[in-house]
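Notes to accompany the following structure.
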Amino acid sequence: MKRFWLVLLSLGLIVAFSTSAMAVDLKFSGEFYAAGMYVDKSALLKDGSATNTSSAFYFQRLRLNTTFVVHPGLFLTTRADILERAWGASRAAAGVGGVSSADLTSAGTRFENENINFDLAYVTYISPIGIFLAGYQIDGAWGTVFGDNSNPTGKIGYMFRGGPFTAGLQTGKNVENSRTAINAVTTTDRDSSFVTLYGIYGWKGGQAGLLFKYIDNAQSRGATLLGFPFGNRSRTLSALPYVKAQLGPVALQAELIYTYGQIKWDDEAGTILSLIGRGDKIDLGMLSAWVDATADFGKFYVGGTLAYLAGDDPSSTDKIEGGGTGGFDWNPCLIMFNYDMTYWQGGQFGEVTATTSTSDRSPMSNAYFAQLRVGARPVDKLDIMLSGSWAHADKTLSAQWESREYGYEIDLTGTYKITNNLSYMLGGGYFFTGDWYKGINVGGVNQVQNNFMVINKLTLTF
């Protein structure tokens, strides 16, 4: 009997060592940062409240990208955010379905990101007729950094490259509300879906592209307001042309975003709105534009940025002109409309009432924005930059608003490259608060105060 098992084991070993193993190559990349931030005031009004205090804390995040190379032309890509949290701080609440701790730039909740959360997981297949992608991928990032919100989104994509041309088609879901085993709803067709078509032409020293995105958002169908029907559905089409060009020492970028569409109320809601003179639909027409130029002369550089984001006119009830944003990815200042500031410390609030509120929370919207910057590289590893920025609201939130002046900001940053993969940044910003944050200011009681912050950040890339 022992001889039988010995022979059987030997045959098994022969088969095991004779079988061809399928090799899967792994490629890792990512970024780790640890930072400390001090913010002088948590509000922009001199309200004397106990919550209008300074903040000082440390925070960190590890972002790990993994690519599984199954064989040449076939890849599985994943991305995970790990320990994205302030040191020693209480963890965010899990919430019901993660709603109370939602993270707008993640596939998971803030609660999950404070431990580990996978944002991306998708397959890439490079075929003879083009490139196919399927799974959770980055969506909302296109052309330049302006207007970009790098959101992990479930979608299917196809891309074709031929010479200087690249073209692509994508479709996916922003929100899924169909009935499933874990989503026991009694309604259907209340999803948010999209289709994207784009083309890019590249040449030596530049590229230009145009993207069209159609979104059908039916999440609010069947909704009620104060017990009355208020269901609606929006259909929008956005056009996003951009150009990048290197003209000698000058790097030029520009992008325009225009969204056209309509919000249509359901029959019952439309009937009620018509009775009070509102009509059963609202037209959308939102415009944003951005131009950025940087002239690099080696040891020093100069640059400037102009941006416009249309605001909504409070006097027009049948049209929405505002709603476009500069995006979470675009952070031209350390304080004003900065996403890191908003995410880690919170927005700097001015007037807050039951009907209106003012804050410099990211992303930027309803604004004229201008910035000038100068930089120097006294040694190869050190980059020092000084910038001055100004922002002014396009529209007020009501006819009685005090001012449209957001304010001015001066930022100074220095980044030292310790090694090729490790850098340290020290920066400070001072915000001259504008009267926009006084709001309606009945009786003139609201008084604004300036603010400043200091940040230092260690970043490792690999």
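Just so it is clear, the model here is predicted, and its values are computed rather than measured.
- Salt bridge annotation for Lys213-Asp139: present, with a cationic side-chain nitrogen under 4.0 angstrom from a carboxylate oxygen.
- Contact check for Ser389 versus Cys333: side-chain heavy atoms found under the 4.5 Å cut-off.
- We find the CG-CG distance between Asn174 and Asn217 to be 7.5 Å, quoted to the nearest 0.5 Å.
- Looking at every heavy atom in both residues, Phe369 comes nearest to Met336 through CE1-CE, 4.3 Å.
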For Tyr258 and Leu256, run side chain to side chain contact (heavy atoms under 4.5 Å, CB included): C-alpha distance rounded to whole Å, both residues' side-chain angles, the deciding distance at 0.1 Å, then the answer. CA-CA 7 Å; Tyr258 183 74; Leu256 185 144; 4.2 Å; yes
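- Contact between Asn446 and Lys438 at its shortest, heavy atoms only, is ND2-O, 2.7 Å.
- Counting all heavy atoms, side chain and backbone alike, Leu309 lies closest to Ser288 at CD2-OG, 3.9 Å.
- In this structure a side-chain-to-backbone donor-acceptor pair under 3.5 Å is present from Gln246 to Gly248.
- In this structure, OG1 on Thr413 lies 6.5 Å from CG on Leu334, to the nearest 0.5 angstrom.
- Under a 3.5 Å cut-off, the side chain of Lys41 and the backbone N or O of Phe452 do not form any donor-acceptor pair.
- At a threshold of 4.5 Å between non-hydrogen side-chain atoms, the residues Arg233 and Trp265 do not count as touching.
- How far OH of Tyr301 is from CG of Asp296: 8.5 Å, rounded to the nearest 0.5 Å.
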For a side-chain hydrogen bond (donor to acceptor under 3.5 Å, both in side chains) check, start with the C-alpha distance between Asp191 and Ser193, then their side-chain angles and the critical distance, and finish with the verdict. CA-CA 6 Å; Asp191 307 331; Ser193 308; 5.1 Å; no
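- Between Asn52 and Leu45, the shortest heavy-atom distance links the atoms ND2-O, 3.2 Å.
- Checked by atom type and distance alone, the side chain of Asn113 pairs as donor or acceptor with a backbone atom of Thr109 at under 3.5 Å.
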side-chain hydrogen bond (donor to acceptor under 3.5 Å, both in side chains) between Asn451 and Gln348, worked out: CA-CA 9 Å; Asn451 198 12; Gln348 305 290 283; 2.6 Å; yes
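- Looking at every heavy atom in both residues, Thr396 comes nearest to Trp436 through CA-CZ3, 3.9 Å.
- Expressed to the nearest 0.5 Å, how far CG of Leu397 lies from CZ of Arg404 amounts to 12.0 Å.
- Formation of a donor-acceptor pair under 3.5 Å by the Trp142 side chain with backbone atoms of Leu240 is found in this model.
- Side chain to side chain, Ser362 and Asn338 fail the donor-acceptor criterion of an N or O pair below 3.5 Å.
- Tyr136 OH: 12 or fewer foreign heavy atoms inside a 6.0 Å radius.
- We find that Arg110 and Asp103 are not joined by a salt bridge, their nearest charged nitrogen and carboxylate oxygen being 4.0 Å or further apart.
- Asp119 has a carboxylate O that lies under 4.0 Å from a charged side-chain N of Arg79, or vice versa, which qualifies the two as a salt bridge.
- Residues Phe337 and Tyr406 place their aromatic rings such that the two centres sit under 6.0 Å apart.
- A donor-acceptor pair under 3.5 Å links the side-chain atoms of Ser42 to the main chain of Thr53, judged by distance alone.
- A donor-acceptor pair under 3.5 Å links the side-chain atoms of Asn331 to the main chain of Phe328, judged by distance alone.
- Taking the six-membered ring for Trp and the full ring otherwise, Phe57 and Trp87 have centroids separated by 6.0 Å or more.
- Counting heavy-atom neighbours within 6.0 Å of Tyr343 OH, excluding the residue itself, gives a total above 12.
- Using a 4.5 Å cut-off on side-chain heavy atoms (C-beta onward), Tyr33 and Arg61 make contact.
- At a threshold of 4.5 Å between non-hydrogen side-chain atoms, the residues Thr325 and Asn149 count as touching.
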Full working for side chain to side chain contact (heavy atoms under 4.5 Å, CB included) between Tyr437 and Phe349: CA-CA 8 Å; Tyr437 298 97; Phe349 283 90; over 6 Å; no
Start with the C-alpha distance between Lys319 and Asp283, add both sets of side-chain angles, then the distance that settles salt bridge (Lys or Arg N to Asp or Glu O under 4.0 Å), and finish with yes or no. CA-CA 5 Å; Lys319 188 173 183 180; Asp283 294 324; over 6 Å; no
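- Annotation: side chain of Trp330 is not in contact with side chain of Asp148 (no heavy-atom distance under 4.5 Å).
- Residue-environment remark: NZ (Lys173) exceeds the threshold of 12 foreign heavy atoms within 6.0 Å.
- Side-chain atoms of Thr358 and Glu351 include no donor-acceptor pair closer than 3.5 Å.
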For a side-chain hydrogen bond (donor to acceptor under 3.5 Å, both in side chains) check, start with the C-alpha distance between Ser106 and Asn117, then their side-chain angles and the critical distance, and finish with the verdict. CA-CA 9 Å; Ser106 173; Asn117 176 71; 3.2 Å; yes
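- Not a single donor-acceptor pair under 3.5 Å links the side chain of Thr459 to the backbone N or O of Glu31.
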Does the side chain to side chain contact (heavy atoms under 4.5 Å, CB included) test come out yes or no for Tyr198 and Met159, once each step is laid out? CA-CA 9 Å; Tyr198 63 89; Met159 181 170 58; 3.6 Å; yes
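- The backbone N or O of Pro332 sits less than 3.5 Å from a side-chain atom of Gln371, completing a donor-acceptor pair.
- Although no hydrogens or angles enter the test, the distance criterion places no donor-acceptor pair under 3.5 Å between the side chain of Ser315 and the main chain of Asp313.
- The closest side-chain heavy-atom distance from Asp266 to Arg221 is below 4.5 Å.
- Other residues, nucleotides and ligands contribute more than 12 heavy atoms inside 6.0 Å of the CZ atom of Arg91.
- Here the shortest heavy-atom pairing between Phe75 and Ile126 reads CE1-CD1, 3.7 Å.
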Under the side-chain hydrogen bond (donor to acceptor under 3.5 Å, both in side chains) rule, what do Ser316 and Glu321 come out as? Steps first, then yes or no, please. CA-CA 9 Å; Ser316 62; Glu321 302 90 354; 3.0 Å; yes
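- Between Arg373 and Asp411 no salt bridge is recorded (no basic side-chain N to carboxylate O distance below 4.0 Å).
- In this structure, the side chains of Glu84 and Phe59 stay at 4.5 Å or more apart for every pair of heavy atoms.
- For the atom pair OH (Tyr158) and CG (Leu197), the distance works out to 12.5 Å, reported to the nearest 0.5 Å.
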Evaluate Phe431 against Leu44 for side chain to side chain contact (heavy atoms under 4.5 Å, CB included), listing each step before the verdict. CA-CA 10 Å; Phe431 182 44; Leu44 298 173; 4.1 Å; yes
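- When atom types are taken as modelled, the side chain of Ser365 and the backbone of Gly323 share no donor-acceptor pair closer than 3.5 angstrom.
- With contacts defined as side-chain heavy-atom distances shorter than 4.5 Å, the pair Thr342/Asp340 does not qualify.
- To the nearest 0.5 angstrom, Phe432 atom CZ is 14.0 Å from Gln449 atom CD.
- No more than 12 heavy atoms of other residues, nucleotides or ligands sit less than 6.0 Å from atom CZ of Phe160.
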